[in-house]
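Step one of this worksheet: look at the structure below.
These values consider heavy atoms only, across backbone and side chains, with no hydrogens, waters or symmetry-generated copies. Numbers restart at 1 for each chain; the letters A, B, ... are given by sequence-line order, proteins then strands.
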Amino acid sequence: MAGAGGKPKAAEGPPSNFIRSIVADDVRSGKHARIVTRFPPEPNGYLHIGHAKAICVDFGIAGEFGGVCNLRFDDTNPAKEEVEYVESIQEDVRWLGFDWGENLFYASDYFERLHDWAVDLIRGGKAYVDSLTPDEIREYRGTLTKAGRNSPYRDRPIEESLDLFARMRAGEFEEGTHVLRAKIDMASPNVNLRDPALYRVRKAAHHRTGDRWCIYPMYDYAHPLSDAIEHVTHSLCTLEFADHRPLYDWCIENLDVPSRPRQIEFARLNLSYTVMSKRRLRELVADGLVSGWDDPRMPTLAGLRRRGFTPEAIRDFCERIGVAKADNLVDVALLEHCLREDLNRRAPRTMAVLRPLKVVIDNYPEGAEEELEAVNNPEDPAMGKRTVPFSRELWIEHEDFREVPPPKYFRLSPGTEVRLRWGYLIRCTGVVKDASGEPTEVHCTYDPETRGGNAPDGRKVKSTIHWVSARHAVPAEVRLYDRLFSVEAPEGPSWKEHLNPNALETLERCWIEPSLAGAAPGSHWQFERLGYFVVDEDSRSDRKVFNRTVSLRDTWARIEKKGF
RNA sequence: UGGGGUGUGGCCAAAUUGGUAAGGCACCUGACUCUGGAUCAGGGGAUUGUAGGUUCGAGUCCUACCACCCCAGCCA
């Protein structure tokens, strides 16, 4: 309780945004008894983190106001859609942490009703069958600055349109010969209103309706009506559909629909150092530039999941970026921050050596070994302790030794003493090098009095390094991932030239501590001082593969970068 | 040159009816530390696209201008 006179603390809660305000107003005014939104993916590709933003907005708003969010597949174009995608999309939305309950729908569920409404439009003189060719239609449409002209078929008798439309449905016409158009205004400054197509002939098998239909509704017609059928109150979509809103409203106003949804547009997410369009992601997959939709370098949810991202981190990210109407390019560093914050809490710490360098502790008895106690997560004592084996020969990280240490380098070098994490203090006494001068073996002595890491005489050491006992180490493969592109905003026709060639580095000869031998695929671990890693599905029981999800913040890397 | 949308510190993004620029990320410094991790404390940085105007007072209102994004699929 705040003391008398204490200033009221600003209410913590989701940051305000314009959509939340609109919905809150509508709830307050009693306009809607219950809020309904929908997430309407087209099953023609995998979901990416841009979709995650939309999902969080759609489900988030509904959830906040005690409403529901439907998952509705916008499957009105059989030529591009596949069941593989409807399945992956459901998996990804569920993985992200959202539940549509019983509300799984398909626009194709409404084809019959949509068709009947189209007939109503024709009967009312509000739509007509056009028999111009696609090229002619384009020509008649005019340009952005010049009005279009009416099709010669625009005023054909209603009965004739009705007959033609019925025959389109019956499959009597080939694709491109006839199309049903709304009769609106060929001179509209908004080209979307220049008698937009409502139905086209498509003789392709649909993944749900098979070959029952020869005509398919266009997005601009199917979407508002599907929303109305589902009693969606707020139809949230991205900015590029703002120009379509008048058409969205036209459909609703000209038909006897069961409810009046409202479309609201917000800016889509752009992330630095990656691409976000399905077209480009599909191209990366098709060209073999990545291993698939779930390549850990991809911004797809499947890729991020395999990379080791958690749904919690992604949701947190989506909340932090906000919702507005300005074009944006969000720094991927924010995503990484959210990830580290989540993984720091949940990932047990372990030790793994990625680029091994042998250390021999000369004064440690040959053949001896012992178990050292290690804390699993200093952030969470409940995660307990484990034991790690120690012996005379160890692997340490190659970069943790420098024969000639640069300024401010605190790690091992001839004469210096460091702490082995959870182990002893060791002092470097010598180094063995190969013909090219590369260190191959470092010799040290240990101080038996420092077991566990502390010196009885209180002397301090400037650095603690990780290690793995050579005799006990388990071999593993580690895949180091980095950002997919080397430029912030890969654009233009040559966008693929900016792919980061170092986005994947595979290390085949890594050593992990024995406790990691049974790590389950998908489990998250911190390799101390290195980063967060996840067990990849490519792992076999005798050979684990780890993906680096994200590195730890590396102050030394920054010092070093500035220093030289 | 038509229509729609947007412009707030490097990147996102708030700001009840105009009242005197939140917060996060990034960056820098210090403290602490058996991860150069985490954590904590502090700091730099905005004439709110520009120019005018209204007002005691404008990011919020008015005018003009500039910049950027989207639209001419029988894609979504």
Side-chain angles (χ1 to χ4, degrees), chain A residues 10 15-17 40-42 44 74 76-77 79-81 130 132-134 137-138 141-148 175-181 188-194 196-202 215-216 218-220 222-223 237-246 265 267 269 272 278 317 319-338 340-341 344-345 349 351 374-375 377-379 408-411 419-423 425 452-454 460-466 488 526-531 551-560:
Chain A
S16 84
N17 69 55
E42 182 189 16
N44 69 342
D74 239 316
T76 57
N77 187 354
K80 295 186 173 177
E81 299 152 5
D130 196 358
L132 252 24
T133 66
I137 286 183
R138 190 179 319 120
R141 184 158 34 229
T143 70
L144 293 178
T145 52
K146 262 186 312 211
E175 297 186 6
T177 56
H178 300 278
V179 66
L180 181 71
R181 291 230 255 170
S188 173
N190 180 343
V191 292
N192 294 300
L193 262 21
R194 318 239 262 229
L198 266 23
Y199 267 91
R200 76 289 212 183
V201 175
R202 274 289 170 280
I215 53 173
Y216 290 89
M218 300 288 290
Y219 166 87
D220 282 318
H223 203 87
C237 64
T238 43
L239 251 28
E240 65 269 29
F241 292 102
D243 286 338
H244 297 241
R245 193 180 342 118
E265 312 86 15
L269 165 68
S272 61
K278 265 193 227 175
F317 170 73
E319 182 161 310
R320 294 206 205 192
I321 57 177
V323 180
K325 299 185 78 162
D327 291 327
N328 59 76
L329 180 61
V330 176
D331 192 340
V332 71
L334 176 59
L335 215 207
E336 294 171 348
H337 169 82
C338 295
R340 291 190 181 105
E341 194 169 88
N344 178 49
R345 258 185 287 120
R349 269 109 248 238
M351 293 195 285
V375 172
N377 189 345
E379 301 292 316
K408 291 186 184 164
Y409 183 85
F410 302 149
R411 285 110 98 160
R419 172 167 38 236
L420 293 173
R421 180 70 155 160
W422 309 122
L425 265 38
N454 292 307
K460 299 288 183 192
V461 101
K462 293 194 95 170
S463 173
T464 299
I465 65 175
H466 60 278
E488 266 207 318
Q526 183 191 106
F527 290 173
E528 293 216 33
R529 303 207 304 133
L530 297 176
S551 64
L552 250 27
R553 282 182 68 231
D554 189 349
T555 309
W556 165 247
R558 266 181 285 166
I559 293 172
E560 194 177 33

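Between the side chain of A:Glu379 and the base of B:rU39 there is no donor-acceptor pair of N/O atoms closer than 3.5 Å. Scanning atom types as modelled, one donor and one acceptor separated by under 3.5 angstrom connect the side chain of A:Arg411 and the base of B:rG36. At a cut-off of 3.5 angstrom, the base of B:rG4 holds no donor-acceptor pair with the side chain of A:Glu265.
Put simply, A:Arg349 has no side-chain N or O that comes within less than 4.0 Å of OP1 or OP2 on B:rG37.
Counting heavy atoms from C-beta outward, A:Glu336 and A:Asp331 have side chains that stay 4.5 Å or more apart. A heavy-atom distance below 4.5 Å is not found between the side chains of A:Thr464 and A:Glu528. No side-chain heavy atom of A:Tyr216 sits under 4.5 Å from any side-chain heavy atom of A:Asn77. Contact annotation: the side chain of A:Trp422 approaches that of A:Val375 to within less than 4.5 Å [non-hydrogen atoms, C-beta and beyond].
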Legend entry - Per-nucleotide protein contact string for nucleotides 18-27 of chain B (B base, S sugar-phosphate only, - none; heavy atom under 4.0 Å): ------SSSS
Inset, instruction - Report, as a single string ordered 5' to 3', how protein heavy atoms within less than 4.0 Å touch nucleotides 67-76 of chain B: B base, S sugar-phosphate only, - not at all. - result: --SBBBSBSB
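Exactly one residue among A:Lys278, A:Lys80, A:Glu81 makes a side chain to side chain donor-acceptor pair (under 3.5 Å) with A:Asn44. That residue is A:Lys278. The side chain to side chain contact (heavy atoms under 4.5 Å, CB included) with A:Arg349 is formed by just one residue from the set A:Arg529, A:His466, A:Glu379; it is A:Glu379.
The line from CG of A:Leu335 to CZ of A:Arg340 is 10.5 Å long, rounded to the nearest 0.5 Å. Within the model, atoms CG of A:Leu132 and CZ of A:Arg138 stand 11.5 Å from one another, a figure rounded to the nearest 0.5 Å. Between atom CE of residue A:Met351 and atom CG of residue A:Leu420 there is a gap of 8.0 Å, rounded to the nearest 0.5 Å.
As rounded to whole Å, 13 Å separates atom P of B:rU35 from atom CZ of A:Phe410. Regarding A:Leu269, its CG atom lies at a distance of 16 Å from the P atom of B:rC11, rounded to whole Å. Rounded to an integer number of Å, the gap from CG of A:Asn454 to C1' of B:rU35 is 15 Å. With rounding to whole Å, A:Ile321 atom CD1 is found 11 Å from B:rA14 atom P. B:rG7 atom C1' lies 16 Å from atom CG of A:Leu329, rounded to whole Å. In this structure, A:Glu528 atom CD and B:rU33 atom C1' are separated by 13 Å, rounded to whole Å. We find that CH2 of A:Trp556 is positioned 19 Å from C1' of B:rU33, with the value rounded to whole Å. For A:Asn344 and B:rG37, the CG to P distance is 12 Å, given to the nearest whole Å.
Residues A:Asn328 and A:Thr145 both approach RNA chain B. Their nearest nucleotides, taken by heavy-atom distance, put A:Thr145 toward the 5′ side. Remark on RNA chain B: of its neighbouring residues A:Lys325 and A:Asn377, the 5'-side contact belongs to A:Lys325, judged by nearest-heavy-atom nucleotide.
For the strand RNA chain B, secondary-structure stems (runs of at least three Watson-Crick or G-U pairs, all distances below 3.5 Å) span B:2-7 with B:66-71, B:10-12 with B:23-25, B:27-31 with B:39-43, B:49-53 with B:61-65.
At a threshold of 4.0 angstrom between heavy atoms, the contacts of A:Tyr409 include nucleobase atoms, whether or not backbone atoms are also involved. Within the nucleic acid shown, A:Glu336 has no heavy atom closer than 4.0 Å to any nucleic acid atom. Residue contacts shown for A:Pro378 include a base, since a base heavy atom lies under 4.0 Å away.
Taking atom P on both B:rG5 and B:rC61, the two are 15 Å apart, rounded to the nearest angstrom.
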Legend entry - Test log, rule side chain to side chain contact (heavy atoms under 4.5 Å, CB included), inputs A:His337 and A:Arg320: CA-CA 11 Å; A:His337 169 82; A:Arg320 294 206 205 192; 3.5 Å; yes
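Contact record, A:Asn344 with A:Asn377: O-ND2, 3.5 Å, taken as the closest heavy-atom pair.
By the 30° and 60° cut-offs, the orientation of the rings of A:Phe241 relative to A:Tyr219 is tilted.
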